[in-house]
Amino acid sequence: MSHADIASADVPVIAIDGPGGSGKGTLSTRLAEHLGWHFLDSGALYRLTALAVMKNSVPVDDEAALGALAARLDIRFETSRDGVKALLDGEDVSDRLRGEAVGVVASKIAATPAVRAALVKRQRQFRRLPGLVADGRDMGTVIFPDADLKIFLTASAEIRAQRRHKQLKEKGESVNLSRLFREIKARDLRDQSRSIAPLKAAEDAVIIDSTDLSIEQVLTKVIDMI
Ligand code: DC
């Protein structure tokens with residue numbers, strides 16, 4: 001274990017995992033704000049990698065090329081009063097990041113071991129004092145197995161499709177609800193069945209089903225646990 005690893009082990013982590021649309025993004029951001037802690041949106045790292053893959057026309061089944069690309073990514077997050085900006089090769093790509101097409105490529109390349117390996121260190125670097133709220137699929141199982149609190153947030157696929165539909169509509173993207181539902185189911189299957197770091201609750205995670213809960217209710221529940 002290196003010096004840096006020992007030091008970072010003293011930094012508290014709350015891991016929030018779950019499928020897309022479960023509300024974990026909002027929960028994690030609000031929790032990080034509430035605690036005054038750092039925030040890791042690990043999905044954004046996979047989406048940035050996906051954008052780079054698309055930009056460089058790398059075939060999604062070329063594992064070696066994907067791994068090499070993920071290892072040399074030039075990505076940065078900049079926090080300002082307007083929120084967090086994601087930069088790829090110095091260019092602000094925040095608006096493009098959340099699109100459905102990028103999400104689909106992100107989910108495909110996330111099944112590649114070389115891509116996941118290249119992103120491990122980058123994710124652990126977010127662990128800084130006073131603490132970290134980490135949002136993703138494998139935060140509690142792989143990236144921060146020693147997290148102080150692990151939450152696995154779920155919701156039915158129907159409600160997740162509806163939430164995502166509303167989100168996209170607000171951004172001016174028009175997507176058919178039943179198509180979104182099918183895509184969410186397909187993405188769940190891909191994320192859950194991949195052999196490396198599949199989407200699943202850590203054994204010591206607290207499972208919260210947000211199907212019938214508002215984000216406020218989930219936030220209150222988690223703050224009570226802390
Ligand atoms: O949370 P999100 O929708 O932004 O994530 C996009 C994709 O990235 C998702 O389909 C699976 C993948 N991902 C992952 O495999 N591991 C993570 N820790 C975060 C995201």
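First listed ligand is number 1; within each ligand, the first listed atom is number 1. For the numbers below, each heavy atom of this structure counts, side chains included, while hydrogens, waters and symmetry mates do not.
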**Request:** Would you check ligand 1 and list the protein residues that come within less than 4.0 Å of it by any heavy atom, ordered by chain and number?
**Result:** Lys24, Ser42, Gly43, Tyr46, Arg47, Arg98, Ala106, Ser107, Ala110, Arg116, Gly136, Arg137, Asp138, Met139, Arg187, Asp191, Arg194

**Asked** Is any NZ, NE, NH1 or NH2 atom of the basic residue among Lys55 and Asp89 found under 4.0 Å from an Asp or Glu carboxylate oxygen of the other?
**Response** yes

**Asked** Going by atom types only, do Arg190 and Ser107 share a side-chain donor-acceptor pair under 3.5 Å?
**Response** yes

**Asked** Side chains of Gln125 and Arg122: is there a donor and an acceptor less than 3.5 Å apart?
**Response** no

**Message:** Please check this pair: side chain of Thr112 against backbone of Val115, looking for a donor-acceptor N/O pair closer than 3.5 Å.
**Reply:** no

**Request:** Take atom CD of Glu203 as the centre, draw a 6.0 Å sphere, and report whether it contains more than 12 heavy atoms from other residues, nucleotides or ligands.
**Result:** no

**Prompt:** Which pairs count as salt bridge (Lys or Arg N to Asp or Glu O under 4.0 Å) when at least one residue sits in residues 144-161, sequence neighbours excluded?
**Reply:** Arg127-Asp146, Lys150-Asp204, Arg160-Asp188

